[in-house]
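Below is one structure, written out as structure tokens; comments come after it.
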Amino acid sequence: MITQTARKSEPDSLQGFLADSQIELDTLRKFCSYVYIDLELSDATVASKWRAAQSSPTARHQHESPLPDNGPVAKTLTNKSATDTRVMSNDADIAGNRDPDGDGATTAIRPTQIENRRAGSNRPFPPRTDPRVSDETRQRFREFVRATAISQSADEPEGNLFGRISQWLKNRLADGRQKDGDAASREEHLTQVLADLLPVGVSPVVYHDTSAIEAELPRARQAFASGETVLQSMLHSIKMSEVPDVAAANECVDQLVESMVANPDALMWVARLRDEDINIYHHGVKVSLYLIALGRHLGLPKAQLAELGLIGMLADVGKTKVPRLLLAKPGMLSPAEFELVKGHVDFGLASLDGSAGLTPAVMQGIAQHHERLDGSGYPMGLKGNEIGIYGRMAAIADSFSAMITPRPYANASSAQEALLSLYEWGGSSFSATMIEQFVQAIGVFPVGSLVDLSNGEVAAVVAHNRFRRLEPKVLVLTSPDKSPLATPIERDLFELGKSSRDRLRIMRGLRMNTFGLKLRDYYQSESAPGDELIA
């Protein structure tokens, strides 16, 4: 129980409230120099463990709480200019894991937890915190990335999808890290995924880049802008209870498909440049791109790529029927508020019902993009095979886009953090096999993401190397000491890798705007971002 806080400019401005979510902790860290904790009014378990911790000289010296991560935890709030540390309690069973959809709400709170709150209070659902990615998950992810980073044939730079994954599974079998039955099941699942997706008698398409990124950028910019314009118009029509122009959406998605098929890096780059324009139109087009990229990677025909694009673009149109202030609420959602947010799926389906040009597969994908394999999703709480392939794909793309986009209630994750989170949820909320394909489709370091290089420079990924996936082309934005460069420098990590003296590696991915870097600051005009640099 927080009895008093002191803002850096307004002492004693807030008194007496219960802090029980990560977002409240983060807010206090941002605005408060210190807080006082009333252990008598705090959770009894947390209070007793904190008193025990105070008697430990080691714990006091380190200014850390020894409380376990898997139970009620004590979150440390440290004032860098102060000599002591105040601690506030948080019930991890309530906070749980962050909702990967970006709705900022959790599943149910146990009745006993609600009863322990102040009598008569309507305690809201706290937003979920980031999942704790296990060491085992990190190791599996690294092994998968290393095993699939290099295509098997330079003549076929995209490589053979099933060949790469099958070899990875065989290697794990040989090393004794995976049971025979599990490996066979995963390989069988890969085959079944494509069988479920492809029309009868249709073989997977092997796509190759047919244009360089600099040549594709003009069409990519036009397609992306058209997507936002069309989606904005559709949302306005839905809000006014008018029939949305699905034909215009179909035409726009066809443009996105053509550009993505020619060179997916161009549209991904344009989308990343527009990340500062955060709105529902932008999110819809990004989800559309991720789904098209995933379908392209799986070898789906263009007609199905267009279906996936429509699902991504239209999945959240029902949010126009949800109060804007509720969607942008920086705090926690009450149970009633969460029900309203969940209703956007049904609102969207009702608005699109009867529209020409939407196949049953598209409608099903929209209906199921918030369903989860373990039954924890909504609106139907479907489980396992009750969720169609399109629904499983849309769930991953929508969640990834939400996690890497700044929201009022959560900071943006880096692409690598988001992918690791998806990998952690694989097999429970999401299809593990489909997540692996998603990683391959967009890359471990997606185009437009910031990365830290081995020489200390910070760069933005510009274009993937289809043969050596961990050695892309990058634009260096800072010197090794992190000071911004007046003019970015292009580096080809693959070419540099041919020389042991000049070789550079990507050390880690960075969050958007790290070190105050904004990609759009480096471009001369909004109408042609990046052409002069990428070329």
Side-chain angles (χ1 to χ4, degrees), residues 98 100-102 130-131 133 137-138 140-142 144-146 148-149 213 224 260 264-278 282-283 285-294 296-297 312 393 395-407 410-426 430 434-454 457-466 468-477 493 505-515 517-520 530:
R98 172 182 294 164
D101 309 325
D130 287 323
V133 179
T137 295
R138 294 179 185 276
R140 285 192 300 109
F141 187 76
R142 284 192 293 265
F144 175 75
V145 169
R146 283 196 297 264
T148 58
I213 181 173
F224 193 94
M260 289 288 286
D265 292 343
L267 262 169
M268 292 297 188
W269 177 257
V270 171
R272 196 62 173 175
L273 286 180
R274 299 290 296 275
D275 267 342
E276 294 169 31
D277 301 330
I278 303 304
H282 180 76
H283 173 72
V285 180
K286 278 179 60 178
V287 176
S288 181
L289 297 185
Y290 292 136
L291 279 172
I292 295 171
L294 179 54
R296 181 188 192 273
H297 174 72
M393 297 170 71
I396 293 171
D398 180 69
S399 297
F400 177 78
S401 180
M403 284 189 283
I404 66 170
T405 302
R407 289 155 286 163
N411 293 324
S413 299
S414 70
Q416 291 68 49
E417 291 171 334
L419 291 174
L420 273 169
S421 296
L422 290 174
Y423 218 70
E424 180 77 12
W425 287 312
F430 304 105
M434 196 62 74
I435 288 172
E436 290 165 357
Q437 307 320 307
F438 185 74
V439 174
Q440 289 287 286
I442 69 169
V444 181
F445 304 104
V447 168
S449 58
L450 294 179
V451 294
D452 211 353
L453 301 181
S454 54
E457 296 173 338
V458 174
V461 176
V462 172
H464 284 138
N465 184 313
R466 311 297 181 201
R468 307 277 296 197
R469 292 171 176 266
L470 296 181
E471 299 176 356
K473 289 183 179 180
V474 300
L475 284 177
V476 177
L477 305 179
L493 301 189
R505 294 179 293 112
I506 294 177
M507 302 302 293
R508 60 179 177 135
L510 302 173
R511 296 187 181 190
M512 185 175 64
N513 299 337
T514 301
F515 304 115
L517 297 171
K518 297 182 180 181
L519 292 181
R520 289 175 62 178

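The structure displayed is predicted, hence computed values, not measured ones.
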Quick one, Pro472 and Ile506 - any side-chain contact, counting heavy atoms below 4.5 Å?
yes

Any side-chain heavy-atom pair of Asp265 and Arg466 under 4.5 Å
yes

Counting C-beta onward and ignoring hydrogens, is there a side-chain heavy-atom pair between Glu436 and Thr148 closer than 4.5 Å?
no

The ring-ring contact (aromatic ring centres under 6.0 Å, His included) partners of Phe445 (sequence neighbours excluded) come to none

Apply side chain to side chain contact (heavy atoms under 4.5 Å, CB included) to Ile442 and Phe400, showing your working.
CA-CA 11 Å; Ile442 69 169; Phe400 177 78; 3.5 Å; yes

Tell me every residue that passes side chain to side chain contact (heavy atoms under 4.5 Å, CB included) with Ser414, counting only those two or more places apart in sequence or in another chain.
Gln416, Glu417, Arg511

Under the side chain to side chain donor-acceptor pair (under 3.5 Å) test, which residues partner Glu457, sequence neighbours left out?
Asn455, Arg491

Decide yes or no for His282 and Thr405: does some side-chain heavy atom of the first lie under 4.5 Å from some side-chain heavy atom of the second?
no

Using 0.5 Å steps for rounding, measure from the CD atom of Glu471 to the CG atom of Asn465.
7.0 Å

For Ser401, all residues meeting side chain to side chain donor-acceptor pair (under 3.5 Å), sequence neighbours excluded:
His283

Shortest non-hydrogen separation from Leu289 to Met268 and the atoms involved:
O-CE, 4.0 Å

Measure the OH-CG distance between Tyr290 and Leu267 for me, rounded to the nearest 0.5 Å.
11.5 Å

Side chain to side chain contact (heavy atoms under 4.5 Å, CB included) filter on Ala460, not counting sequence neighbours, yields Trp269, Leu450, Leu477, Leu519

Val462 and Ile213: side chain to side chain contact (heavy atoms under 4.5 Å, CB included), yes or no, with the steps?
CA-CA 9 Å; Val462 172; Ile213 181 173; 4.3 Å; yes

The side chain to side chain donor-acceptor pair (under 3.5 Å) partners of Arg505 (sequence neighbours excluded) come to none

Residues forming a salt bridge (charged side-chain N to carboxylate O under 4.0 Å, His left out) with Arg508, sequence neighbours excluded:
Asp452

Are side-chain heavy atoms of Phe141 and Leu419 found at a separation under 4.5 Å?
yes

Please examine the side chains of Leu453 and Leu493, heavy atoms only from C-beta on, and report whether any two atoms are closer than 4.5 Å.
yes

Between the CG atom in Asp398 and the CE atom in Met403, the distance rounded to the nearest 0.5 Å is 9.5 Å

Is there a side-chain contact between Arg469 and Gln440 in this structure, where contact means two heavy atoms from C-beta onward sitting under 4.5 Å apart?
yes

Please name the pair of heavy atoms, one in Val287 and one in Gly312, separated by the smallest distance, quoted to 0.1 Å.
CG1-CA, 3.6 Å

Are the side chains of Ser399 and Phe430 in contact, using a 4.5 Å heavy-atom criterion?
yes

Heavy atoms only: give me the nearest Ala293-Ala441 pair and the separation to one decimal.
O-CB, 3.6 Å

Closest non-hydrogen atom pair, Ala271 against Lys286:
CB-CG, 4.1 Å

CZ (Phe438) and NE2 (His297) are apart, to the nearest 0.5 Å, by 11.0 Å

